[in-house]
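Contents: one structure, followed by commentary.
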Amino acid sequence: MKNKYYITTTLPYVNSSPHIGFAAEVIRADVLARYNRQLGNDVFFNTGTDEHGLKIFRNAEEQGVTAQEYCDGFAAEFTKLKETLNLSFDNFIRTTDEYHIKAAQEFWKRCEANGDIYKKNYKVKYCVGCELEKTESELVDGKCPVHPNQEIEEIEEENYFFRWSNYQEKLLKLYKDNPDFVIPKHRLTEIKNFVESGLNDFSISRLKEKMPWGISVPGDEDHVMYVWFDALTNYVNTLGWPEGENFKNFWPGMQVAGKDNLRQQSAMWQAMLMSAGLAPSEQVLIFGFITSGGQKMSKSLGNVINPIELVEKYGIAAVRYFLLSELVPFEDGDFTIEKFEEAYNVNLANGLGNLVSRTANLIGKNEIEIDIKENSDKDFEGNVKKKMDIYRFDEAMRVIWGKIKESDEFLSNKAPWKMEDKQEIKEVLEIVAQNVLNIAYHLKPFLPGIAEKITEQYTQKQITKGDPMFPRV
RNA sequence: CGCGGGAUAGAGCAGUUGGCAGCUCGCCAGGCCCAUAACCUGGAGGUCACCGGUUCGAAUCCGGUUCCCGCAACCA
């Protein structure tokens with residue numbers, strides 16, 4: 001019987017084009033999905049788009065289109081990432097999908113039935129930029145410190161609230177019983193501290209007459225759900241919850257997110273799950289951010305890196321390689337075009353590409369037939385696994401590149417191009433070719449396209465030299 | 001004392017449970033010449049931010065200090 005493995009990314013909010021940080025997140029999730037498929041597990045991999053809320057409603061108004069049209073445009077752009085980033089997701093959920101809307105309403109009803117939803121008068125200052133209410137202590141000079149150029153709006157209305165405060169002890173118990181619940185450890189510490197400091201119930205609805213772009217609250221046509229409540233439920237809705245077979249088979253699952261999402265994923269959502277009577281997530285991975293030249297990416301600084309343009313210029317393998325290999329997933333990492341090109345030249349062109357070329361060439365020129373098979377090296381496999389078990393994609397790739405270096409050294413030592421005896425040459429090249437084929441095998445989750453190409457080349461009866469896979473830049 | 005992260009070769013970074021300080025680029029010298037001006041070998045270059053402690057032994061653990069950064073700019 002196959003193990004079930006469910007993994008989901010967060011759903012990016014569709015108010016701008018795909019961010020390189022989200023690209024890193026979804027590619028890491030893709031690696032875990034592909035790796036688990038390779039291990040023989042039955043995998044369900046989810047991503048999608050978060051499409052409700054005031055910010056989107058207003059953006060659409062400004063552009064003179066309906067909110068749905070506005071979202072459709074972005075959703076198409078994000079869907080295209082499947083090809084652009086070579087992703088293997090099984091479902092792409094949009095929070096405007098009919099099945100999501102129905103399930104989100106069902107989720108609401110369950111929380112309500114459990115006594116965790118109540119109505120109260122709500123008078124608070126609200127920052128449209130954050131889509132969040134602000135307490136007086138959070139404001140600086142009466143303005144949101146995050147969006148100082150936007151006016152704080154006063155909202156006074158009856159809202160529904162979620163009794164987050166009911167879940168403080170249960171969340172702390174969850175963290176205590178599952179010390180690996182949040183990876184890395186320091187993020188678990190952070191969320192534990194936050195929950196310990198006390199939880200305030202949060203508002204989960206908005207008046208429809210003011211902000212119609214949301215999912216109707218069950219049994220109250222005057223309200224729509226607050227975007228966070230609706231969006232978080234996608235992680236089970238995508239599995240067909242409440243009835244779907246997939247839900248029974250795959251939940252609970254792995255969740256990955258950027259560090260800005262720690263609170264939502266590991267505390268708010270977990271409390272919501274408990275309230276609805278569902279099991280908490282299996283584990284939450286919290287990734288670091290990507291800076292650009294040591295600074296936060298910002299349009300005004302002009303240092304925003306567009307992952308799609310990067311792929312168009314350098315190819316998807318180069319982009320996946322950099323994001324997976326040159327960054328420590330759980331810490332902030334820096335991107336510059338210089339580092340990117342250096343990594344490309346050193347590791348893909350001179351390293352992987354060159355080894356594949358020189359080996360194939362030597363075999364072809366000598367007209368040698370060799371006998372090798374996929375994944376023949378159990379030590380190699382074990383070393384990769386050790387790193388994958390702790391989600392260190394960078395170190396797993398370092399293991400793979402160690403095998404490349406070892407093969408280059410071996411070739412230089414043996415110098416088969418000086419040998420006369422065909423049998424002797426064959427013995428050397430068979431070892432190296434076997435290494436290359438194993439490298440390709442372990443590369444499949446990381447650089448699927450390239451790995452397939454190498455595998456195809458090296459499983460021919462007569463291996464011959466191909467065109468360079470990575471021309472130097 | 002809001003919560004976290006960080007300081008390691010000229011630059012950029014890694015360093016898991018304490019055990020001879022590593023990687024890439026750059027620099028110097030050599031080799032090879034099968035391969036994409038690539039590949040291999042050797043070398044120079046370190047007060048592991050600072051002070052103290054634990055230990056046979058600390059980049060690593062503990063306490064303190066200084067300086068950066070994120071949470072918290074349009075954002076994942």
Side-chain angles (χ1 to χ4, degrees), chain A residues 9-13 15-16 18-26 55 129-130 132 137-138 140 144-150 184 186-194 196-197 256-263 286-291 294-301 304 307 325-328 330-334 336 338-339 341-343 345-366 386-387 389-390 392 394-395 398 401-402 404-405 407-419 425 428-429 432 465 467-473:
Chain A
T9 66
T10 55
L11 303 190
Y13 201 58
N15 62 343
S16 64
H19 191 277
I20 184 111
F22 177 68
E25 176 184 328
V26 72
K55 216 180 325 186
C130 301
L132 287 171
S137 64
E138 285 178 300
V140 178
C144 169
V146 186
H147 301 95
N149 46 0
Q150 273 180 316
H186 64 259
R187 296 293 171 211
L188 182 69
T189 308
E190 193 175 335
I191 195 63
K192 208 190 287 178
N193 285 339
F194 173 77
E196 265 168 7
S197 73
V256 301
K259 67 182 184 181
D260 59 331
N261 253 264
L262 174 67
R263 202 175 289 183
I286 300 292
F287 299 133
F289 274 7
I290 299 172
T291 55
Q295 288 178 296
K296 197 153 189 170
M297 286 182 208
S298 76
K299 283 173 192 160
S300 54
L301 282 175
V304 173
S325 178
E326 299 298 305
L327 304 172
V328 177
F330 302 112
E331 304 293 337
D332 287 358
D334 194 44
T336 65
E338 291 76 18
K339 284 180 192 171
E341 290 193 347
E342 181 187 308
N345 279 331
V346 170
N347 298 306
L348 291 179
N350 300 351
L352 178 62
N354 185 56
L355 176 67
V356 169
S357 283
R358 71 194 297 212
T359 307
N361 181 55
L362 285 165
I363 295 170
K365 239 170 38 178
N366 286 290
K386 263 184 223 160
K387 301 306 184 186
D389 285 347
I390 55 171
R392 285 298 298 268
D394 57 323
E395 293 196 351
R398 205 175 297 180
W401 258 261
I404 293 175
K405 181 155 182 65
S407 302
D408 273 328
E409 285 172 21
F410 183 74
L411 272 179
S412 290
N413 285 338
K414 296 289 179 184
W417 48 88
K418 284 183 180 170
M419 291 175 176
I425 296 173
V428 171
L429 294 182
V432 179
K465 191 180 177 217
D467 292 331
M469 290 183 293
F470 304 105
R472 289 174 59 89
V473 294

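Lettering of chains follows the sequences in order, A, B, ..., and the numbering in each one begins at 1.
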Looking only at atom [atom1], what distance separates [N] and [M], rounded to whole Å?
{"N": "B:C27", "M": "B:U65", "atom1": "P", "result": "44 Å"}
{"N": "B:C20", "M": "B:C25", "atom1": "C1'", "result": "26 Å"}
{"N": "B:A37", "M": "B:G5", "atom1": "C1'", "result": "42 Å"}
{"N": "B:G30", "M": "B:U17", "atom1": "P", "result": "44 Å"}
{"N": "B:C40", "M": "B:G26", "atom1": "P", "result": "13 Å"}
{"N": "B:A29", "M": "B:C61", "atom1": "P", "result": "42 Å"}
{"N": "B:C1", "M": "B:U16", "atom1": "P", "result": "33 Å"}
{"N": "B:G46", "M": "B:G15", "atom1": "C1'", "result": "15 Å"}

Gap between atoms [atom1] and [atom2], on [X] and [N] respectively (whole Å):
{"X": "A:Asn347", "N": "B:C39", "atom1": "CG", "atom2": "P", "value": "10 Å"}
{"X": "A:Asn361", "N": "B:U36", "atom1": "CG", "atom2": "C1'", "value": "11 Å"}
{"X": "A:Asn354", "N": "B:C40", "atom1": "CG", "atom2": "C1'", "value": "12 Å"}
{"X": "A:Leu327", "N": "B:G70", "atom1": "CG", "atom2": "C1'", "value": "16 Å"}
{"X": "A:Glu338", "N": "B:G12", "atom1": "CD", "atom2": "P", "value": "13 Å"}
{"X": "A:Glu196", "N": "B:G2", "atom1": "CD", "atom2": "P", "value": "17 Å"}
{"X": "A:Leu411", "N": "B:C39", "atom1": "CG", "atom2": "P", "value": "13 Å"}
{"X": "A:Glu341", "N": "B:G12", "atom1": "CD", "atom2": "P", "value": "19 Å"}

Can you name the residues that form a side chain to side chain contact (heavy atoms under 4.5 Å, CB included) with [X], not counting sequence neighbours?
{"X": "A:Asn261", "result": "A:Thr10, A:Trp228, A:Ala257, A:Gln264, A:Gln265"}
{"X": "A:Lys259", "result": "A:Arg187, A:Ile286, A:Phe289, A:Asp332"}
{"X": "A:Asp334", "result": "A:Thr291, A:Thr336, A:Lys339"}
{"X": "A:Glu395", "result": "A:Lys387, A:Arg392"}

Pull out every protein N or O sitting under 3.5 Å from an N or O of nucleotides 26-33 of chain B, one pair per line with the distance.
none

- Check whether any side-chain N or O of A:Lys405 sits under 4.0 Å from OP1 or OP2 of B:C40, and answer yes or no.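 Looking at the OP1 and OP2 atoms of B:C40, one of them is under 4.0 Å from a side-chain N or O of A:Lys405.
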- Contact under 4.0 Å: A:Arg392 side-chain N or O vs B:G15 OP1/OP2: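 Answer yes for this pair, as a side-chain N or O of A:Arg392 is under 4.0 Å from OP1 or OP2.
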- Check: A:Asn345 side chain, A:Asn350 main-chain N or O, donor-acceptor pair, under 3.5 Å: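 A pair under 3.5 Å: no.
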Could you run down the sub-3.5 Å N/O contacts of the protein with nucleotides 3-5 of chain B?
from: B:C3; atom 1: O3'; to: A:Asn193; atom 2: ND2; distance (Å): 2.8
from: B:G4; atom 1: OP1; to: A:Asn193; atom 2: ND2; distance (Å): 2.6
from: B:G4; atom 1: O2'; to: A:Glu190; atom 2: OE1; distance (Å): 3.4
from: B:G5; atom 1: O2'; to: A:Glu331; atom 2: OE1; distance (Å): 3.4

Which residues share a salt bridge (Lys or Arg N to Asp or Glu O under 4.0 Å) with [X], sequence neighbours left out:
{"X": "A:Lys192", "answer": "none"}
{"X": "A:Glu331", "answer": "none"}
{"X": "A:Lys365", "answer": "none"}

Indicate, with a heavy-atom threshold strictly under 4.0 Å, whether [X] touches base, sugar-phosphate, or nothing.
{"X": "A:Val328", "result": "sugar-phosphate"}
{"X": "A:Ile290", "result": "base"}
{"X": "A:Phe22", "result": "sugar-phosphate"}

- Message: Contact between A:Leu355 and A:Leu411 at the side-chain level, heavy atoms closer than 4.5 Å - yes or no?
- Response: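 SC-SC contact between A:Leu355 and A:Leu411 confirmed.
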- Query: Does any non-hydrogen side-chain atom of A:Leu352 lie less than 4.5 Å from one of A:Trp401?
  - Reply: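 A:Trp401 vs A:Leu352: side chains touch.
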Nearest-nucleotide pick for [X], side chain only, options being [options]:
{"X": "A:Val346", "options": "B:U24, B:A76, B:C39", "value": "B:U24"}
{"X": "A:Ala349", "options": "B:A76, B:C34, B:U36", "value": "B:U36"}
{"X": "A:Pro468", "options": "B:A14, B:A76, B:U36", "value": "B:U36"}
{"X": "A:Asn261", "options": "B:A76, B:C40, B:C13", "value": "B:A76"}
{"X": "A:Asn350", "options": "B:A76, B:C39, B:C13", "value": "B:C39"}
{"X": "A:Asn15", "options": "B:A76, B:A14, B:C40", "value": "B:A76"}

- Using a cut-off of 6.0 Å, state whether more than 12 heavy atoms not belonging to A:Asp389 lie near its atom CG.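 Count over threshold, so yes.
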- Message: So, using side-chain hydrogen bond (donor to acceptor under 3.5 Å, both in side chains) as the criterion, who are the partners of A:Asn347 when residues are at least two apart?
- Response: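 So A:Asn347 forms a side-chain hydrogen bond (donor to acceptor under 3.5 Å, both in side chains) with A:Tyr321.
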- Task: Can you sort out the partners of A:Thr359 under side-chain hydrogen bond (donor to acceptor under 3.5 Å, both in side chains), two or more places apart, ordered by chain and number?
- Result: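 For A:Thr359 there are no side-chain hydrogen bond (donor to acceptor under 3.5 Å, both in side chains) partners, ignoring immediate neighbours.
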- Which residue, A:Asn361, A:Asn366, A:Val428, A:Leu362, forms the side chain to side chain contact (heavy atoms under 4.5 Å, CB included) with A:Trp417?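 Of A:Asn361, A:Asn366, A:Val428, A:Leu362, side chain to side chain contact (heavy atoms under 4.5 Å, CB included) with A:Trp417 is met by A:Leu362 alone.
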- Message: On RNA chain B, does the nearest nucleotide to A:Ile390 precede the nearest nucleotide to A:Leu355 from the 5' side, or the other way round? Give the residue.
- Response: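 Checking each residue's closest nucleotide, the 5'-ward one belongs to A:Ile390.
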- Starting at the 5' end of RNA chain B, which residue's closest nucleotide do you reach first, A:Thr10 or A:Asn345?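 Nearest-nucleotide comparison on RNA chain B picks A:Asn345.
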- Can you give the dot-bracket line for RNA chain B, using ( ) for pairs inside the strand, [ ] for pairs that cross earlier ones, | for pairs with another strand and . for unpaired bases, where Watson-Crick and G-U count if both distances are under 3.5 Å? .((((((..((((.....[..)))).(((((.......))))).....(((((..]....))))))))))).....
